[in-house]
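What follows is a short report on a single structure.
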There are 2 protein chains.
Amino acid sequence: MHSTTKLLRFDESRATSGITDIYASPCMACSARKACVSNLFSAQESLQFEQLVVGRRRVARHASLYHEHDRFEMLYAVRYGQFKLLSRDANGSQRVAQFCMPGDLVGLDAIATGRHNFRLMALENSEVCEIPFAGVTKMMASEPAIQRRFLQSMSLALNDQYGRSSLLSLASLDERFASFLLQMGERYSRLGYSEKSFRLSMTRGDIGSYLGTTVESVSRLVSRFNAQGAVSITGRTVDLIDRDHLLSILSSEDPPFQAASNNLSGSRH
Amino acid sequence: MHSTTKLLRFDESRATSGITDIYASPCMACSARKACVSNLFSAQESLQFEQLVVGRRRVARHASLYHEHDRFEMLYAVRYGQFKLLSRDANGSQRVAQFCMPGDLVGLDAIATGRHNFRLMALENSEVCEIPFAGVTKMMASEPAIQRRFLQSMSLALNDQYGRSSLLSLASLDERFASFLLQMGERYSRLGYSEKSFRLSMTRGDIGSYLGTTVESVSRLVSRFNAQGAVSITGRTVDLIDRDHLLSILSSEDPPFQAASNNLSGSRH
DNA sequence: CGCAAAGTTGATTAGGATCAAACTCAGTGG
DNA sequence: CCACTGAGTTTGATCCTAATCAACTTTGCG
């Protein structure tokens with residue numbers, strides 16, 4: 001089914017000598033380390049965790065790591081590259097539910113049903129770590145640190161979605177797009193890259209889908225934000241010139257004094 | 001701080017005789033049982049689980065069980081009544097992020113940070129079970145069934161939010177409102193009530209906030225849906241007369257044939 | 001090089017937000 | 001008992017944001 005993905009054994013390159021070698025620990029050498037579940041483990045815990053990772057898988061640009069209704073067996077941690085999580089709505093058209101960056105733990109939504117609810121498609125050539133869920137539950141029982149970290153990751157994923165809901169229910173397009181740009185910057189910075197200059201790997205259509213709007217509107221937003229000097233976006237190259245201006249877009253929209261206590265008069269536009 | 005809530009000891013009414021009595025098991029006697037984390041446990045597991053519940057708390061209508069930034073120590077399972085989960089946006093106005101019904105497990109979002117990110121306010125006089133999180137993590141390590149069930153609950157919560165995001169990004173107001181009504185019906189039916197006739201405990205303003213629209217629009221939706229004969233809503237009393245019509249609203253909107261594979265042309269309106 | 005996918009820009013339109021006003025209903029105190 | 005109050009709700013009129021339709025340009029891949 002996933003003919004475009006390739007399996008790599010995780011241990012292939014691991015040193016088996018008794019000599020302590022930082023590069024014997026794949027997680028320590030991984031560029032996604034700082035954003036990954038495996039972060040903040042002690043050397044001891046890290047070794048435990050690495051036993052969970054049974055392999056890696058390369059996914060070519062535009063190939064899918066899994067599809068909706070596929071049986072759920074693995075969680076995946078993105079090593080490099082980027083993905084989009086696609087949901088199918090009542091009609092049958094696809095929507096981008098999320099963008100996945102290195103360090104992200106993917107597949108948590110499938111725990112409930114045992115089947116994947118989304119399709120995970122690579123936006124560029126990517127690689128993930130394969131983490132069998134059965135192993136995770138077993139190790140969560142014996143290793144408190146690993147239990148804590150997985151629960152944290154799930155809670156974090158939940159918060160991400162709360163954030164997205166709130167963004168979508170709340171914001172004008174300007175707010176949504178500003179928020180999107182800032183969020184991408186923040187995610188890059190967490191990986192150790194610049195938070196102001198980065199390259200998007202998704203199309204305008206993907207962005208529109210994610211933000212609940214259309215290609216045309218995204219294109220207009222780009223043009224307008226460029227013209228206002230808040231950003232410099234050419235093609236997929238992004239420069240956040242005036243972050244404060246972007247931030248001010250978020251908290252703009254008539255903040256008179258303080259809203260009444262039980263009053264839900266959140267205004268749009 | 002929460003002067004309006006009242007603490008009840010959980011074991012107060014529990015029989016201590018050796019006689020097996022179904023009512024000695026509070027979960028078995030709970031009306032929210034079928035929708036609760038505690039569902040589907042064996043008698044043995046159920047007893048284990050009940051040890052986690054250190055007490056109950058009553059929350060008066062309009063009182064808050066917790067606020068943003070409160071320290072996170074407990075998860076709560078709603079026993080009866082209803083709550084709204086309120087988030088605060090960039091400006092300071094509040095938004096309804098979720099409605100919580102009996103059986104819902106609340107507070108999972110706070111695991112990541114150790115602090116609550118929302119305010120949980122009772123829509124009517126309500127009661128929750130208090131489940132210290134420390135106890136949960138401990139018992140998850142030793143009781144596989146309980147671990148499985150909690151992970152399931154978290155995954156389910158995540159899916160709920162994916163669903164909400166998709167709803168908000170996708171739908172016209174008609175679709176959102178139809179979806180809201182069907183969802184409420186489904187939740188009531190899961191508790192053993194009618195899925196077609198129920199009473200809402202939230203205001204139009206709350207609904208509007210939840211659906212990302214305004215009070216006025218909700219009111220107009222009510223009027224129009226009533227006029228079309230799909231529903232009969234007077235005040236907060238809801239009757240879903242023509243569920244098929246509501247369902248057809250969801251999958252309406254020009255489904256020509258089948259969208260192209262990589263094409264994200266999901267249309268609005 | 002040539003073609004398809006991706007992106008931009010313009011003109012028109014419609015769905016909902018906003019503003020304004022009236023009405024219902026439950027409580028409250030004179 | 002009833003007028004007063006204020007939250008909740010409904011309805012109408014107007015305006016504006018962003019969807020839609022259409023044409024065109026640019027990019028990038030085979």
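Everything quoted here is computed from the prediction, not taken from an experiment. Residue numbers start from 1 in every chain, and the chains themselves are labelled A, B, ... in the order their sequence lines are given, proteins ahead of strands.
Distance from the side chain of Leu173(A) is smallest for dA18(D) among the nucleotides dA17(C), dA18(D), dT8(C). Among the nucleotides dT10(D), dA19(D), dC21(D), the one closest to the side chain of Thr214(A) is dA19(D). Closest approach to the Thr203(A) side chain among dT11(D), dG7(C), dG16(C) is made by dG7(C) (side chain taken as heavy atoms from C-beta onward). Listed candidates were dA18(D), dA17(C), dG16(C). Nearest to the side chain of Thr213(B) is dA17(C).
Glu68(A) meets the side-chain hydrogen bond (donor to acceptor under 3.5 Å, both in side chains) test with Arg88(A); sequence neighbours excluded. In this structure Arg190(A) satisfies the side-chain hydrogen bond (donor to acceptor under 3.5 Å, both in side chains) test with no other residue, sequence neighbours excluded. With sequence neighbours left out, the side-chain hydrogen bond (donor to acceptor under 3.5 Å, both in side chains) criterion links Ser126(A) to no other residue. Applying the side-chain hydrogen bond (donor to acceptor under 3.5 Å, both in side chains) test to Glu124(B) and every residue at least two apart in sequence or in another chain returns Ser201(B). Under the rule for a salt bridge (Lys or Arg N to Asp or Glu O under 4.0 Å), the partners of Arg187(B) that lie at least two apart in sequence or sit in another chain are Asp104(B). Taking the ring-ring contact (aromatic ring centres under 6.0 Å, His included) definition, one finds that Tyr80(A) meets it with nothing, sequence neighbours left out.
Atom CG of Asp174(A) is separated from atom C1' of dC16(D) by 13 Å (rounded to the nearest Å). Between the C1' atom of dG10(C) and the CZ atom of Arg224(A) lies a distance of 15 Å, rounded to the nearest Å. Distance Leu211(B) CG to dG15(C) C1': 16 Å, rounded to the nearest Å. Distance CZ (Arg61(A)) to P (dA5(C)): 13 Å, rounded to an integer number of Å. Spacing between atom CG of Leu200(A) and atom P of dA6(C) amounts to 15 Å, rounded to whole angstrom units. Between Ile207(A) atom CD1 and dA5(C) atom C1' the separation is 16 Å, expressed in whole Å. To the nearest angstrom, C1' of dA19(D) lies 12 Å from CZ of Arg176(A). Across the protein-nucleic acid pair, Glu216(B) atom CD and dA7(D) atom C1' stand 15 Å apart, rounded to whole Å.
Using a 30° and 60° split on the angle between ring planes, Phe72(B) and His116(B) fall in the perpendicular class, above 60°.
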Polar atoms only, N or O, under 3.5 Å: list the protein pairs with nucleotides 11-14 of chain C and their distances.
| unit_1 | atom_1 | unit_2 | atom_2 | d |
| --- | --- | --- | --- | --- |
| dA11(C) | N6 | Arg220(A) | NH2 | 3.4 |

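Between Ser217(B) and dA17(C) there is a side-chain polar atom (N or O) within less than 4.0 angstrom of OP1 or OP2.
Applying a 4.0 Å cut-off to non-hydrogen atoms, none of the residues of residues 229-240 of chain A approaches DNA chain D.
Aromatic ring centres of Phe83(B) and Phe99(B) lie farther apart than the 6.0 Å criterion allows.
Among the atoms of the strands shown, base atoms are found under 4.0 Å from some heavy atom of Ser219(B).
Sorted by first and then second residue, the salt bridge (charged side-chain N to carboxylate O under 4.0 Å, His left out) pairs with a member in residues 236-250 of chain B read Glu195(B)-Arg243(B); sequence neighbours excluded.
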